[in-house]
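This report concerns only the one structure given below.
In the text below, chain A, chain B and the rest are named by the order of the sequence lines, each starting its count at 1.
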2 protein chains.
Amino acid sequence: MKRPTIKDIAAAAGVSKGAVSLALNGRSGVSESTRSRVLGVASSLGYRPSVTARALSSASADAVGLVLVRPPRALGDEAFFFQLIAGMQSEMSCALLLQVVSSREEEIELYQRWWAEHRVDGVFLVDLLVSDPRIELMPSLGLPAVVVGGAGHHGELASVWADDYAAMTSVVEHLKALGHRRIARVAGLASLLHTVRRDSAFASSVVDGVVVAGDYTAESGARATRELLGMAEPPTAIVYDNDVMAVAGAEVAAELGVAVPSELSIVAWDDSVLCQHGRLTALSRDTFAFGARAARALVAVIGGASPTDVEDVLPELVVRGSSGPAPVG
Amino acid sequence: MKRPTIKDIAAAAGVSKGAVSLALNGRSGVSESTRSRVLGVASSLGYRPSVTARALSSASADAVGLVLVRPPRALGDEAFFFQLIAGMQSEMSCALLLQVVSSREEEIELYQRWWAEHRVDGVFLVDLLVSDPRIELMPSLGLPAVVVGGAGHHGELASVWADDYAAMTSVVEHLKALGHRRIARVAGLASLLHTVRRDSAFASSVVDGVVVAGDYTAESGARATRELLGMAEPPTAIVYDNDVMAVAGAEVAAELGVAVPSELSIVAWDDSVLCQHGRLTALSRDTFAFGARAARALVAVIGGASPTDVEDVLPELVVRGSSGPAPVG
DNA sequence: AGCCGGAGATAAACCGGTTTAGCTAGGGTC
DNA sequence: GACCCTAGCTAAACCGGTTTATCTCCGGCT
């Protein structure tokens with residue numbers, strides 16, 4: 001009942017272990033006749049190579065890694081990551097080694113361990129920090145990596161990204177065209193690189209724009225919205241850094257009797273079922289395709305391709321019911 | 001720059017490889033003085049055992065597996081699975097090996113391979129089928145497994161579950177108490193065990209209940225709803241098998257000018273941000289906690305505990321704006 | 001004194017592959 | 001015929017651990 005090993009095949013085919021290895025991997029050193037005989041025996045025995053054993057002698061681990069640094073409880077609501085993961089899977093034939101940790105130190109430790117133990121062939125890097133130690137680390141380890149969602153070029157690493165700067169500008173232009181002047185922004189975590197990009201794009205296209213920090217949870221979105229709407233001169237439009245906060249914001253507006261979109265326009269970053277149903281104007285990114293593209297890039301890098309930057313298509317603003325002309329006066 | 005191996009420690013401490021192994025694993029066979037010396041050397045060298053190598057000689061693989069059989073594209077919208085995964089992670093110190101495949105055959109093949117190669121220490125089984133081959137397979141392989149979300153006892157396997165039958169009954173009772181008589185149901189995949197459970201609970205508490213099949217996607221929810229509302233005597237209440245279909249159904253109702261809840265009551269299975277915001281009455285399960293419980297159970301089974309059934313708390317019906325008294329007449 | 005037992009350590013086999021060094025036989029060259 | 005080269009294969013080392021068999025030394029018992 002035990003699964004056959006390379007030794008069993010060697011015995012059955014009457015050759016040595018080494019010859020079997022060469023034959024199975026399509027390498028030279030064995031004759032065609034021997035090769036086909038070995039392949040025949042292998043398939044008739046239902047042989048499957050052990051990735052574990054193979055990884056031990058420095059070959060493929062048949063898995064790629066992804067570490068998420070988030071409080072697990074909040075993570076479950078973020079459709080973004082699951083969409084991303086689903087997209088990655090669609091383009092990979094190997095498994096994804098996933099772990100959620102609570103600190104950046106653990107994350108780095110984990111990447112090092114996984115690589116040292118050949119548990120992964122490469123990794124995805126998400127949630128890039130402003131000055132991210134991982135960017136230096138990966139090349140020094142020799143660990144194939146792809147930066148997902150960073151903005152632009154990152155050291156020697158391949159990267160798949162969307163232009164957050166241009167996207168934010170397009171959102172603001174949309175709102176300005178509708179007559180909005182007092183535009184606010186509920187940002188994501190300040191330590192993340194894309195938050196900074198969006199901040200700077202926002203700052204340079206909006207005069208006197210108010211920015212309130214959030215952390216992607218519904219609670220923070222609600223709190224920020226309450227703060228903004230309670231101001232002496234409340235904004236007439238708010239741009240949120242993710243869908244969960246935007247939806248929470250819309251609810252707070254409804255609670256306070258602020259009509260959307262006639263009194264307040266709302267725009268969400270990251271489209272999702274949530275926005276579709278909430279009829280929220282959203283910046284749609286096709287996260288699934290984004291994940292698929294990241295996976296293709298990683299597969300290429302693992303295969304030895306020289307790292308390239310793949311810019312994803314510019315996110316598209318899907319205008320729904322939550323954004324409209326600014327109130328007069 | 002290479003990470004230290006057990007051999008390096010042996011050399012540095014002046015003992016044999018075997019002694020180091022014994023010392024590090026807290027097993028008898030070495031003196032206390034030797035043990036502490038070895039531990040000292042190990043920590044000063046920053047030693048980390050290689051899981052890969054360890055797995056090769058039949059020990060822990062430091063990972064558990066989860067295979068999902070779904071079209072990847074649809075998967076991304078199902079918050080349920082991501083909540084579940086997040087919950088699992090919160091209770092596990094090891095990594096999760098995740099792969100999405102497109103057929104049951106591949107799934108089984110994958111489980112066998114992972115186990116044969118010691119890539120995982122145990123697996124979660126989700127989406128249980130009516131007569132599921134995996135239930136026989138796991139014990140015969142000796143692969144520790146926990147059934148997640150099946151209903152009740154499954155052969156020799158440990159299982160974490162919620163009582164779908166009782167839950168469905170409570171939903172129907174809620175609707176009946178509101179005066180509803182023509183109650184319909186938009187079911188999930190007919191091949192899944194919990195669909196059958198809910199079907200039978202539904203059938204036995206509703207007279208002449210109409211059931212339309214869906215597949216958890218928004219499209220199928222919309223289609224089913226259109227079909228139901230187009231009937232000669234349309235139902236006054238619809239119970240959906242997940243949140244995505246329920247939300248889609250609510251939208252179709254709005255489109256057709258059917259008022260919710262005055263003309264039509266809607267109840268969703270699986271609460272989520274989506275339901276919260278859509279103000280849908282939903283059967284809330286705390287999927288995160290469910291995943292955490294499943295992880296605890298799997299850890300216990302891997303640790304050698306005898307498999308037990310853990311019944312999850314009965315899902316709670318959260319009544320929001322989408323369900324109300326049946327229209328008179 | 002002689003025997004037994006156990007603690008403490010080591011060497012070596014093993015897990016399932018890959019890889020390298022080395023051996024053999026056959027063909028070509030001068 | 002002596003020499004060299006190469007294709008084709010084998011044996012063995014190696015990856016980094018675990019586990020088993022074995023060996024030594026020391027103390028206690030009769």
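Under 4.0 angstrom from either OP1 or OP2 of C:dG8 there lies no side-chain N or O belonging to B:T34. A sub-4.0 Å separation between OP1 or OP2 of D:dC9 and a side-chain N or O of A:S31 is present.
Rounding to the nearest 0.5 angstrom, the gap separating the CH2 atom in A:W114 from the CG atom in A:L97 is 4.0 Å.
Ring geometry, A:F82 versus B:F82: the interplanar angle falls under 30°, so the pair is classed parallel (tilted spans 30 to 60°).
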> Can you give one letter per nucleotide of nucleotides 15-28 of chain C, going 5' to 3': B for a protein heavy atom under 4.0 Å from the base, S for sugar-phosphate only, - for none?
Replying inline: BBBBB---------
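Side chain of A:R27 to backbone of A:L22: no donor-acceptor contact under 3.5 angstrom is found.
For the residue pair A:E106 / A:S102, a side-chain donor-acceptor distance below 3.5 Å is found, with atom types taken as modelled. For the residue pair A:D77 and B:Q83, a side-chain donor N or O sits within less than 3.5 Å of a side-chain acceptor on the partner.
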